[in-house]
**Student:** 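The structure is given below, and queries will be raised subsequently.
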Amino acid sequence: SLNTERHEYDVVVIGAGGAGLRAAIEARQQGKRTAIVCKSLFGKAHTVMAEGGAAAAMGNVNSADNWMVHFRDTMRGGKFLNNWRMAELHAKEAPDRVWELEAWGALFDRTKDGKISQRNFGGHEYPRLAHVGDRTGLELIRTLQQRVVALQQEDYENHGDYEAYIKVFAECTVTRLLKDGDRISGAFGYWRESGNFILFDAPAVVLATGGIGKSYVVTSNSWEYTGDGHALALLAGAKLINMEFIQFHPTGMVWPPSVRGILVTESVRGDGGVLRNSEGKRFMFDYIPEVFKDKYATTEEEADRWYTDQANNRRPPELLPRDEVARAINAEVKAGRGSPQGGVFLDVSTRLPAEEIKKRLPSMHHQFKELADVDITAEPMQVGPTCHYIMGGVEVDADTGAAAVPGLFAAGEVSGGMHGSNRLGGNSLSDLLVFGRRAGAGAAAYVDGLPARPKIAPEQVDEAHAEAVAPLGRNGENPYEVHHELQRTMNDLVGIIRKAEEVSEALQVVEKIKERVRVVGAAGSRIYNPGWHLAIDLRNMVLVSECVAKAALLREESRGGHTRDDFPGMNPDWRRKLLVCSTEDGSTIKVEEKVQPPMRDDLITLFDRGELSKYLTDEEMTEFDGIAK
Ligand code: FAD
């Protein structure tokens, strides 16, 4: 109907971060014609910004490490709400995925005896993060892109066309998924530069669009992360889980205001950095929660000894899981013991020699020098919590990444389940590789099994087109103002610490914002028009915000990335339940409770009774006693 360019593929991967690239490589290796679509430049995804490393129990630095220890740490970090099958696959397969990267040309930092080095990170019992200085994500993306190019060269030799089996569509935003009956039939989007529309005719779509941080004012996320994949999935009829769980990274920059929220990697603490309040006190010792009491040092002396002797000492409390550290910082600032600019102090200058800091944390040294005029080898940084990562996302089948809608798959940050209520640092990069590969394979197998290719319905293309152009030339609400109000609302009312009245108030504001988004207007034409792009993205941010707020209101307990002031404890009954978000009318979010399947016997018996009793219901404990006999 419209003069829209049209492309036919077997698999369309939306997103070119680690998850998207790994999925595309897999689909292409299974012989599928694959498109990679990304909103920003090829190579610029969140994955590039990942600093600390990829968690994989290779046991290179401490041979006591193995998949079972990693599995246990992941479940503990997520406060046992994780999809245990995903946590199992992740822990088992991460080492292979890291070795595979090395085979494809990644150059990880080495141990003295030449193995891939591994660093300490919060919540990981042993040094586990394979890394390249503090620029691990860059190396990961570089390697995956190089692999894509290698496959394209192979295709050129065999078919005379570099893009015969794998093609990248960069600076191209997808706005709608299309369906034939209940199955995926393709995707619709626009080129950011020209504003021209594009149609993908494809039976399988893999969502790998990353996070939602741009719904919050203070965030480590960049402009692309407007929850597009989450919203595309909802609108196509799929379900989102765990949306109430958002990770506020404890250490974002707080000063100057223009850089507020930018990440300060956890490696600073992993490599010896400590947190202090305005009184100079290492306050984290006051915030070790009951469930972790036996795993963390209670004195500075023991904590400091741990860096050189992990067998005989417990870890410093600065390396508690992120939710604990973020809440502690929040509490110190609230109690009036914050730094001048409203954070706390993170100091590595008195802990490591200047040369060592520059060698281990080159990006951090550069970032503070350039952005804040602070020399981290000589003075402490000021840091505070920043919206960093969403644990929630598309509900998928653990083994294949398949969503509830046939033909739809999801991997990486846009998917939910793997990290439960809180993700451990370093578990995302490994997640992208493990589940990116699985989703690519899942999509390829799905395409093979299809009796007939689903067809594009022209009316759906017309609707998608009409929806996209609607804001243009409309003399309506200003998208920037609407966006800012949404960000403030989510930040202030559905942030780190939540209470029923505030979240309810947020939901009322979101309702009003929804009305404003319906009449949002963008001046100018379709040619490179950021105001128009934002007007389109707002639909997604509002849908996602409603999921977060509604689920946050329903979950009457505190767990991981969800802290309720009015329900401060963890409640074992809630641990068994997932809150599942969906929409029927494309605008109102419905949230339903769903009981999680119990953990497989051979996995649950990896934990000891004492630990499980902190998380499980009495009924579940009775079952456990039956199994453990
Ligand atoms: P991303 O890498 O976020 O990529 C998303 C892709 O989707 C992009 O290509 C984007 O352009 C595209 N896209 C989005 N919407 C659309 C659309 N509508 N149409 C077309 N394309 C679209 N994790 C770790 O494990 N270790 C770390 O050390 C670490 N450090 C981090 C540091 C920072 C500053 C940040 C922000 C995150 C960090 N994380 C870390 C988290 C981790 O980097 C991310 O969770 C992960 O990279 C997400 O990868 P992804 O492949 O799911 O998506």
Side-chain angles (χ1 to χ4, degrees), residues 12-23 35-56 94 119 121 129-132 134-138 140-141 144 168-177 187-192 198 200 205-214 219-232 247 249 251-253 261-267 270 322 363 367 386-391 393 410-415 419 423-433 435-436 439 533 536-537 539-540:
V12 171
V13 177
I14 309 177
L21 290 177
R22 189 62 191 80
I36 303 173
V37 192
C38 58
K39 197 168 167 177
S40 41
L41 293 168
F42 192 49
K44 194 218 160 279
H46 260 148
T47 304
V48 175
M49 295 155 81
E51 293 155 2
R119 70 158 41 115
F121 239 56
L129 270 64
H131 60 276
V132 183
D134 56 3
R135 298 183 177 127
T136 313
L138 180 64
L140 190 143
I141 285 284
L144 293 175
V168 179
F169 296 78
E171 295 194 86
C172 183
T173 305
V174 172
T175 61
R176 276 279 173 180
L177 300 179
F188 177 90
Y190 66 92
W191 291 102
R192 291 171 51 79
I198 180 166
F200 295 95
V205 166
V206 179
L207 293 171
T209 50
I212 62 117
K214 278 294 160 189
T219 176
S220 66
N221 290 189
S222 58
W223 65 266
E224 302 95 307
Y225 301 99
T226 49
D228 295 7
H230 290 79
L232 290 170
Q247 180 168 88
H249 195 289
T251 61
M253 292 179 81
I262 291 185
L263 194 74
V264 180
T265 176
E266 188 171 317
S267 314
R322 289 175 175 173
S363 307
Q367 176 174 314
T386 179
C387 174
H388 183 57
Y389 184 90
I390 183 149
M391 272 64 75
E413 191 168 342
V414 70
S415 67
H419 305 285
R423 172 179 73 88
L424 293 184
N427 267 3
S428 173
L429 291 188
S430 39
D431 163 0
L432 309 181
L433 298 169
F435 294 104
H533 301 164
I536 292 176
D537 293 344
R539 176 200 71 193
N540 304 334

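First listed ligand is number 1; within each ligand, the first listed atom is number 1.
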**Student:** Quick check on side chain to side chain contact (heavy atoms under 4.5 Å, CB included): which of V132, L263, T136, V264 does E51 satisfy it with?
**Tutor:** L263
**Student:** Tell me yes or no: between the side chains of T226 and N540, is some donor less than 3.5 Å from an acceptor?
**Tutor:** no
**Student:** Strictly under 4.0 angstrom, heavy-atom based: which residues surround ligand 1?
**Tutor:** I14, G15, A16, G17, G18, A19, V37, C38, K39, S40, A45, H46, T47, M49, A50, E51, G52, G53, C172, T173, V174, A208, T209, G210, S220, N221, Y225, D228, L263, H388, Y389, G412, E413, R423, G426, N427, S428, L429, L432
**Student:** Say whether H249 and T386, considering side chains only, have a donor N or O and an acceptor N or O under 3.5 Å apart.
**Tutor:** no
**Student:** Please name all residues satisfying side-chain contact (heavy atoms from CB on, under 4.5 Å) with A208, sequence neighbours left out, ordered by chain then number.
**Tutor:** A19
**Student:** Just to verify, what does S428 make a side-chain contact (heavy atoms from CB on, under 4.5 Å) with, not counting sequence neighbours?
**Tutor:** Y389, R423, L432
**Student:** Of all residues at least two apart in sequence or in a different chain, which pass the side chain to side chain donor-acceptor pair (under 3.5 Å) check with S40?
**Tutor:** E224
